[in-house]
Every structure is written in structure tokens, then in C-alpha cells.
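Working notes for the structure below.
Atoms within a ligand are numbered from 1 in the order they appear, just like the ligands themselves. Values below: all heavy atoms of this structure, side chains included; hydrogens, waters and symmetry mates excluded.
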Amino acid sequence: MSLNIQVNENYSALKKNYLFSEIAKRVGAYSAAHPDAKIVRLGIGDVTLPLAPVVVEAMKKAADEMGKAETFRGYAPDFGYDFLLKAIADYYKKAGVELSVEELFVSDGAKSDVGNIVDILGDNEVLIPDPVYPVYLDSNLMSGRKVTFLKGSHQNGFLPGPEGLEVKPYIVYLCSPNNPTGAVYNRDQLKAWVDFANQSGSLIIFDSAYEAFISGDYPHSIYEIEGAKSCAVEICSFSKTAGFTGTRCAWSVFPKELTVGDTPLSSLWGRRQATKFNGVPYVVQRAAEAALSEEGQKQCRENIAYYMENARILAEVLRKKGITFTGGTDSPYLWLECPNNMKSWEFFDFLLEKAQLVGTPGAGFGEAGEGYFRLTSFGSRESTLEAARRLDLYL
Ligand code: PLP
């Protein structure tokens with residue numbers, strides 16, 4: 001017998017999440033028809049290099065501690081061990097941002113935090129860039145929120161600003177460097193958002209998951225911008241910085257200046273986390289601490305430099321072919337305009353058939369992504385060079 005209960009009807013507002021399954025389906029069909037084809041995959045945004053040696057050492061040491069009665073640990077503190085909170089605060093300090101450990105909350109991923117933050121927010125108008133990481137939109141739809149898109153385009157460099165918005169309170173999601181466009185807000189552009197948020201009483205949710213890939217003069221943290229502490233939450237992750245996509249650790253920043261009336265937003269987030277989340281494993285937090293040590297940062301930077309060399313190789317061939325693109329210099333993603341006015345999926349099929357090369361159709365990241373395509377630099381050097389060779393040949 002079927003259940004006789006009400007389900008969350010908001011889920012019916014979600015678009016079928018078919019992007020990566022559709023890619024797998026098309027690649028699978030192509031492989032079946034061409035069993036000898038050597039397909040190069042630059043589609044999925046997952047890292048491929050192993051964890052840094054100091055991170056692995058820290059994990060082993062922590063695992064040993066867990067095996068001894070004197071050093072065994074049970075539940076971790078809800079908001080993170082002090083040693084990791086201090087390491088994160090020091091990481092910010094080096095970038096000139098002062099934060100106390102009470103303002104930091106360790107979690108198992110930026111996806112969790114970005115998705116869960118809707119729990120502590122009421123019924124506000126929500127502004128979401130288009131195109132962008134799909135979790136912002138889906139988590140708001142799941143909770144029945146009204147969403148307005150901030151359209152990205154070549155005209156605004158895929159960096160929509162607050163110009164032209166009615167001055168009233170919003171929840172604004174910003175992602176810089178952006179997934180999928182690789183575009184990065186500069187100081188003036190971020191200052192415009194911070195000023196608008198402070199003027200209108202809006203909250204910015206700033207996703208800085210790719211900050212470690214920035215090499216140019218762009219802010220790594222929104223708190224580098226004056227006034228941001230009273231209007232912005234920042235969510236960052238070890239996933240791409242330190243290759244933790246399968247290890248899972250991230251953090252959120254709720255500055256003490258961030259209040260609604262007399263209520264600090266951090267108190268709501270703390271209550272939410274303490275109720276619905278039971279902390280990140282000790283072993284993982286020790287690994288994350290090691291990633292932020294001087295040696296850890298050096299080793300992680302070597303991995304990032306490897307990916308960014310891949311990005312440079314891909315950017316070079318796109319430039320040579322006269323293809324317009326963003327990203328690739330301060331982000332692991334390259335976002336290109338499909339040649340000959342092809343639509344995103346048309347270009348996907350073209351590349352698969354002609355070059356046996358797989359990327360991600362931009363239309364999967366929002367309506368404004370139609371006609372664009374994402375390549376990632378997270379592949380091996382060998383597959384990136386091969387991809388560049390084929391792009392050179394077939395574009
Ligand atoms: N934020 C952005 C912009 C992302 O692209 C991703 C992952 O691809 C995440 C957050 C998720 O990070 P995590 O692995 O920490 O959940």
C-alpha cells in the first residue's frame with residue numbers, strides 16, 4: 001500500500017537534475033558505438049591529485065591516537081576542535097582579516113553549509129547569480145523561497161553587480177571565483193555589493209570555495225572589504241584547496257557584527273548545527289589543520305600550481321583559436337562561448353563526436369549558461385595536453 005502522507009511539495013519545483021547523468025548517458029552511448037575511442041574527460045569538477053604528504057601523515061597520527069585509550073576521542077565539538085578553529089583564524093590573519101574562533105564553524109562541506117543556511121533564514125527575496133553552482137537555487141526552491149536571478153553575461157564579465165536593484169533587503173549569494181565561469185570579483189565590484197547590502201540591510205552569502213586558486217590582485221575573502229562583517233557570511237572549503245573532496249571538511253564564518261535586531265546570526269547557526277550536525281571526525285580535522293600548516297599550504301599550493309598550469313594550457317589553445325572565454329587564470333574553470341553560435345548541448349555532442357572530448361554544457365548551470373561550455377583543469381597533465389591538441393585540431 002502506498003503511503004498516505006504529505007511530502008514537501010516544494011520539491012516539485014526542482015528541475016530534474018539531469019546534467020551529469022545526461023553527460024554519462026551520452027558518453028556511454030558514444031563509447032558503446034566506438035569501443036576503441038580514447039575519450040578525454042574534462043567535465044566533472046573533482047580533483048585528481050592525491051592528498052599532500054603532511055596531510056596524510058597527520059591523518060595517520062590521528063588514526064593512531066584513536067586506537068589508544070588515552071587519546072581516543074568520541075563526538076567532536078559541534079563547531080570544530082579548537083586546534084582547527086585557531087588554524088583557520090591564523091589563515092585569515094595572514095590575509096589581514098581578524099576573526100575570533102567564536103566566529104568560525106567547522107563542517108563537513110561547503111555544500112552542506114550553503115544548502116543548510118536556508119534553515120535559519122525567513123521568507124526573504126533571494127538573489128542568485130546565473131550561471132552558478134546549482135545548490136544555491138535548489139536549496140532555496142526546496143524551502144519554497146522566491147528566487148530572482150542576477151544575470152551573468154559577457155557584457156558584465158559574468159560578474160553581476162547590484163546596479164539597478166531596488167534598495168530593499170535580500171539574501172544575495174555570491175560565488176568568487178565563480179563555478180562555472182571562473183570569473184572573480186575585484187575589490188571595487190565586491191565593495192559595491194557590500195555597500196549595497198549595508199545600505200539595504202541585505203545578507204550576502206559569499207562562497208569562496210575556490211579562493212586558493214586566485215593569483216591576481218583579487219580579494220580571497222569578502223572580509224578584505226570594509227564593512228563586510230556586518231553584512232556577509234563566508235563559506236569556504238578544503239575540498240579544492242587541499243584535495244578534500246573525498247575527505248570532507250569546510251568552514252563558515254559568522255562575524256559577531258552580523259545581527260538581526262539583537263540576535264547574532266551566529267547564534268542561530270550555532271543552534272542549527274548543534275541540533276542537526278554532530279561534528280567532523282577528529283582524524284579529518286587533524287588533516288585539515290595540517291593542510292593549513294606552513295608546510296601543508298606549500299604542498300597544497302604545488303597541487304594548485306599543477307592544475308593552474310593545466311588551465312594555462314587550455315587557455316592558450318582557446319586564445320589561439322579566437323574563442324572568447326572567462327576564467328583559467330584565478331580559477332580552475334574555463335568558461336567558453338560555444339563557437340558558431342552552437343548551443344551548449346550541441347557543442348557537447350560536437351566535441352564528443354569530433355574530438356572525443358567531454359566537458360560540461362553551460363546550460364546545466366542556469367539559463368544564462370546557454371551557448372557556453374565549461375572545461376576544468378582538474379585532469380591529469382597528460383589528458384589536458386591531449387585535450388588541447390584535439391581542441392587545436394577540431395575547433
Ligand atoms: N561551492 C562551490 C562553488 C563548488 O563548486 C563546490 C563544489 O564543487 C562546493 C561549494 C562544494 O564544496 P564541498 O566539497 O566543500 O562540499
Practice problem: Identify the residue among Trp269, Phe238, Phe105 that makes a ring-ring contact (aromatic ring centres under 6.0 Å, His included) with Trp251. | Solution: Phe238
Quiz item: Taking 4.0 angstrom as the limit, do Asp195 and Lys191 come out as a salt bridge?
Solution: yes
Self-check item: Nitrogen or oxygen atoms of Thr245 and ligand 1 under 3.5 Å apart
Solution: no
Practice problem: Consider every N or O of Ser112 and every N or O of ligand 1, then say whether any pair is closer than 3.5 Å. | Solution: no
Exercise. Count the heavy atoms belonging to other residues, nucleotides or ligands that lie under 6.0 Å from CD of Glu226, then report whether that count exceeds 12.
Key: no
State yes or no: are the ring centers of [X] and [Y] separated by less than 6.0 Å?
{"X": "Tyr185", "Y": "Tyr218", "value": "no"}
{"X": "Tyr372", "Y": "Trp335", "value": "yes"}
{"X": "Tyr333", "Y": "Tyr210", "value": "yes"}

Say whether [X] and ligand 1 are in contact under the criterion: heavy-atom distance to a ligand atom below 4.0 Å.
{"X": "Asp207", "result": "yes"}
{"X": "Phe244", "result": "no"}
{"X": "Gly45", "result": "no"}

Taking only heavy atoms of [X] into account, list the atoms of ligand 1 that are under 4.0 Å away from them.
{"X": "Ser237", "result": "13 (P), 15 (O)"}
{"X": "Cys175", "result": "3 (C)"}
{"X": "Gly109", "result": "15 (O), 16 (O)"}
{"X": "Ser239", "result": "13 (P), 14 (O), 15 (O)"}

Under 6.0 Å from the six-membered ring centre of [Y] and within 45° of its axis: does the NZ or CZ of [X] meet both?
{"X": "Arg272", "Y": "Phe277", "result": "no"}
{"X": "Arg374", "Y": "Phe365", "result": "no"}
{"X": "Arg286", "Y": "Tyr81", "result": "no"}

In the protein, which heavy atom is nearest to [atom], and how far is it?
{"atom": "atom 5 (O) of ligand 1", "value": "Tyr210 OH, 2.6 Å"}
{"atom": "atom 11 (C) of ligand 1", "value": "Tyr133 OH, 3.3 Å"}
{"atom": "atom 8 (O) of ligand 1", "value": "Lys240 NZ, 2.9 Å"}

Quiz item: Of the backbone atoms (N, CA, C, O) and the side-chain heavy atoms from C-beta on, which set of Ala110 has a member under 4.0 Å from an atom of ligand 1: side chain, backbone, both, or neither?
Solution: both
